[in-house]
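Below is one structure; the comments refer to it alone.
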Amino acid sequence: MTDKTSNQMWGGRFAAGPDAIMEAINASISFDKRMAAQDIAGSRAHAAMLAATGIVSDSDAAAMREGLLTVLSEIEAGEFTFSTALEDIHMNVEARLKDLIGAPAGRLHTGRSRNDQVATDFRLWVRDQLDAVDQALQALMHALLVQAEAGSDWVMPGFTHLQTAQPVTWGHHMMAYVEMFGRDLSRVRDARARMNECPLGAAALAGTSFPIDREMTAKALGFDRPCANSLDAVSDRDFALEFLGAASICAMHLSRFAEELVIWSSAQFRFVALSDRFSTGSSIMPQKKNPDAAELIRAKVGRIFGANVALMMVMKGLPLAYSKDMQEDKEQVFDAADNLMLALAAMEGMVRDMAARTDNLEAAAGSGFSTATDLADWLVRVLDMPFREAHHVTGALVAKAEAKGCDLPDLSLTEMQEVHGEITASIYDVLGVHNSVASRVSYGGTAPSQVRAQVARWKERLG
Ligand code: ARG
């Protein structure tokens with residue numbers, strides 16, 4: 001007989017229960033209870049398959065399936081008492097099923113193991129998250145498209161090295177992020193397609209001698225097919241790492257945009273006004289309006305990429321097949337998923353609410369000799385000058401303007417001609433920021449016409 005305190009699920013060979021510290025390090029119920037719905041869905045599919053293949057009776061399977069629904073409703077209603085002694089969600093659910101339906105519950109674990117069970121539950125959970133991220137990314141992209149369409153011809157400075165480079169349009173800048181989040185979206189979809197195979201029925205590691213139907217459970221759970229190798233099915237977590245990888249890259253994109261919003265909303269830039277709904281005040285400085293949401297989005301990449309690194313380190317030295325180390329996968333993924341979703345929602349809200357300060361953007365767009373490249377291009381086009389020489393002549397004009405303390409369009413024609421005698425008045429046409437952006441019609445360029453084409457293309461793609 002086993003000691004009463006030994007584990008009721010696996011305590012047959014144990015004379016005593018675990019030390020309290022053992023229980024504390026071993027139990028995962030405090031966090032894996034988040035997979036209750038997936039666990040129950042997996043068990044219901046398994047029970048139906050056991051009956052369809054004649055491994056258990058129809059009446060036992062019906063009792064299991066019904067009882068599992070009761071367990072789910074108890075959990076959803078917050079009426080379920082989770083037990084640390086029962087370690088994890090799998091054994092908590094099964095033990096409660098036994099309370100509810102008695103002996104048939106003991107047949108549920110036929111032809112499976114917690115190893116394939118947890119791999120299945122976790123895939124289902126990550127798949128749901130990939131779908132949620134997919135939706136959140138689309139919502140953010142829609143918000144960016146609204147901004148891009150409204151400001152397809154608003155001019156602002158484009159930067160390299162955070163130094164004024166050339167004028168660009170607000171819409172073009174917004175659409176740059178649409179491209180980035182669009183690739184994040186495709187990464188999420190790629191990951192989903194690759195991970196959608198079912199581990200259930202791999203059992204502990206070697207498969208089972210019971211005549212199970214893995215196609216049936218895979219189909220019932222919305223998987224494309226069963227995993228083809230039982231050792232791989234229970235022991236890899238690359239699907240979770242792909243989620244974390246895609247999440248990390250997406251969080252990095254969010255962080256760069258957040259950094260721009262922090263800069264743009266500062267008193268020194270005044271490019272955008274962030275809404276009160278996504279800002280906070282200071283407890284001591286009454287004038288302050290801080291872009292805290294943007295700052296926190298900027299910071300989230302740290303924990304999300306941290307989760308990616310942490311799980312990579314957990315996995316890298318594990319021999320096949322399952323090892324308990326792998327239980328450390330879930331908290332990392334849960335935390336990363338929660339924070340990515342929060343960051344995406346906060347960014348969407350900020351983008352929807354933010355107001356571009358178009359006057360400031362336009363003034364800044366023209367400062368810092370931002371149309372110097374346009375001037376050089378004019379010399380090439382109109383005077384047939386080699387670009388290198390044009391670059392040199394333009395540099396001399398910039399130096400002249402700088403010495404005079406003015407911008408390029410403020411130099412008189414005489415002053416221009418002192419640098420190069422063939423310059424004519426038509427040069428002023430290209431020195432205005434609107435002309436500058438309008439001229440950049442190359443595919444993917446900043447011209448309003450190009451931006452509108454980009455917006456239309458993405459609207460059609462997203463639907
Ligand atoms: N709680 C465990 C986990 O998350 C479930 C699998 C346990 N398997 C085992 N052989 N002890 O990994």
Side-chain angles (χ1 to χ4, degrees), residues 2 6-14 17-43 45-46 68 71 75 80 82-97 108-129 195 198-208 217 221 227 229-241 243-244 307 310-337:
T2 54
S6 74
N7 189 292
Q8 58 173 283
M9 294 292 170
W10 46 249
R13 62 162 293 175
F14 285 75
D19 187 273
I21 301 289
M22 178 60 208
E23 192 169 289
I25 196 172
N26 196 40
S28 53
I29 188 62
S30 63
F31 52 86
D32 67 15
K33 62 184 173 198
R34 283 188 72 166
M35 304 192 305
Q38 289 78 11
D39 192 69
I40 287 169
S43 288
H46 187 66
L68 285 163
V71 178
I75 292 172
F80 191 97
F82 292 102
S83 153
T84 308
L86 288 168
E87 282 185 39
D88 57 28
I89 187 61
H90 325 295
M91 297 203 293
N92 270 266
V93 168
E94 195 184 317
R96 180 63 187 142
L97 185 65
L108 174 61
H109 215 51
T110 313
R112 76 169 184 189
S113 149
R114 274 189 296 156
N115 296 348
D116 58 337
Q117 196 179 352
V118 72
T120 305
D121 293 2
F122 199 31
R123 278 198 197 220
L124 289 171
W125 196 92
V126 170
R127 195 177 71 186
D128 286 349
Q129 281 306 305
M195 64 96 71
C198 186
L200 195 59
L205 73 165
T208 177
T217 41
L221 295 169
C227 300
N229 180 297
S230 62
L231 288 167
D232 172 51
V234 294
S235 68
D236 208 351
R237 293 294 181 268
D238 59 355
F239 65 92
L241 286 164
F243 172 76
L244 292 173
L311 183 55
M312 195 67 106
M313 292 303 105
V314 166
M315 295 304 297
K316 76 165 189 67
L318 297 184
L320 303 189
Y322 179 86
S323 293
K324 197 60 172 268
D325 310 50
M326 289 158 67
Q327 180 168 285
E328 290 283 313
D329 55 3
K330 282 172 276 303
E331 284 166 293
Q332 302 294 343
V333 171
F334 292 165
D335 186 75

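In each ligand, atom 1 is the first atom listed, and ligand 1 is the first ligand listed.
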Is the shortest side-chain N to carboxylate O distance from Asp32 to Lys330 below 4.0 Å?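 Salt bridge between Asp32 and Lys330, a charged N being under 4.0 Å from a carboxylate O: no.
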So, taking the atom named CG in Leu221 and the one named SG in Cys198, what distance separates them when rounded to the nearest 0.5 Å?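 Nearest 0.5 Å value for the CG-SG distance: 5.5 Å.
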What residues sit with at least one heavy atom under 4.0 Å from ligand 1?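 Ser28, Asp32, Asp88, His90, Arg114, Asn115, Val118, Tyr322, Gln327, Lys330.
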Can you list, pair by pair, the side-chain donor-acceptor contacts under 3.5 Å of residues 114-126, counting residues two or more places apart and other chains?
unit_1: Arg114; atom_1: NH1; unit_2: Glu87; atom_2: OE1; d: 3.1
unit_1: Arg114; atom_1: NH1; unit_2: Asp88; atom_2: OD2; d: 2.7
unit_1: Asn115; atom_1: ND2; unit_2: Ala204; atom_2: O; d: 3.1
unit_1: Asp116; atom_1: OD1; unit_2: Ser113; atom_2: N; d: 2.7
unit_1: Asp116; atom_1: OD2; unit_2: Gly201; atom_2: N; d: 2.8
unit_1: Asp116; atom_1: OD2; unit_2: Ala203; atom_2: N; d: 3.0
unit_1: Gln117; atom_1: NE2; unit_2: Asp39; atom_2: OD1; d: 3.0
unit_1: Thr120; atom_1: OG1; unit_2: Asp116; atom_2: O; d: 2.6
unit_1: Thr120; atom_1: OG1; unit_2: Leu200; atom_2: N; d: 3.1
unit_1: Asp121; atom_1: OD2; unit_2: His90; atom_2: ND1; d: 3.2
unit_1: Arg123; atom_1: NH1; unit_2: Met195; atom_2: O; d: 2.9
unit_1: Arg123; atom_1: NH1; unit_2: Glu197; atom_2: O; d: 3.3

In chain order, what residues pass the side-chain hydrogen bond (donor to acceptor under 3.5 Å, both in side chains) check against Gln38, with sequence neighbours excluded?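 Partners of Gln38 by the side-chain hydrogen bond (donor to acceptor under 3.5 Å, both in side chains) criterion, ordered by chain and then number, come out as Asp128.
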Where do Ile75 and Ile40 land on the side chain to side chain contact (heavy atoms under 4.5 Å, CB included) test, with the steps shown first? CA-CA 11 Å; Ile75 292 172; Ile40 287 169; 4.2 Å; yes
Set of residues satisfying ring pair (Phe, Tyr, Trp, His ring centres under 6.0 Å) with respect to Tyr322, sequence neighbours excluded: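 Ring pair (Phe, Tyr, Trp, His ring centres under 6.0 Å) list for Tyr322, sorted by chain: empty.
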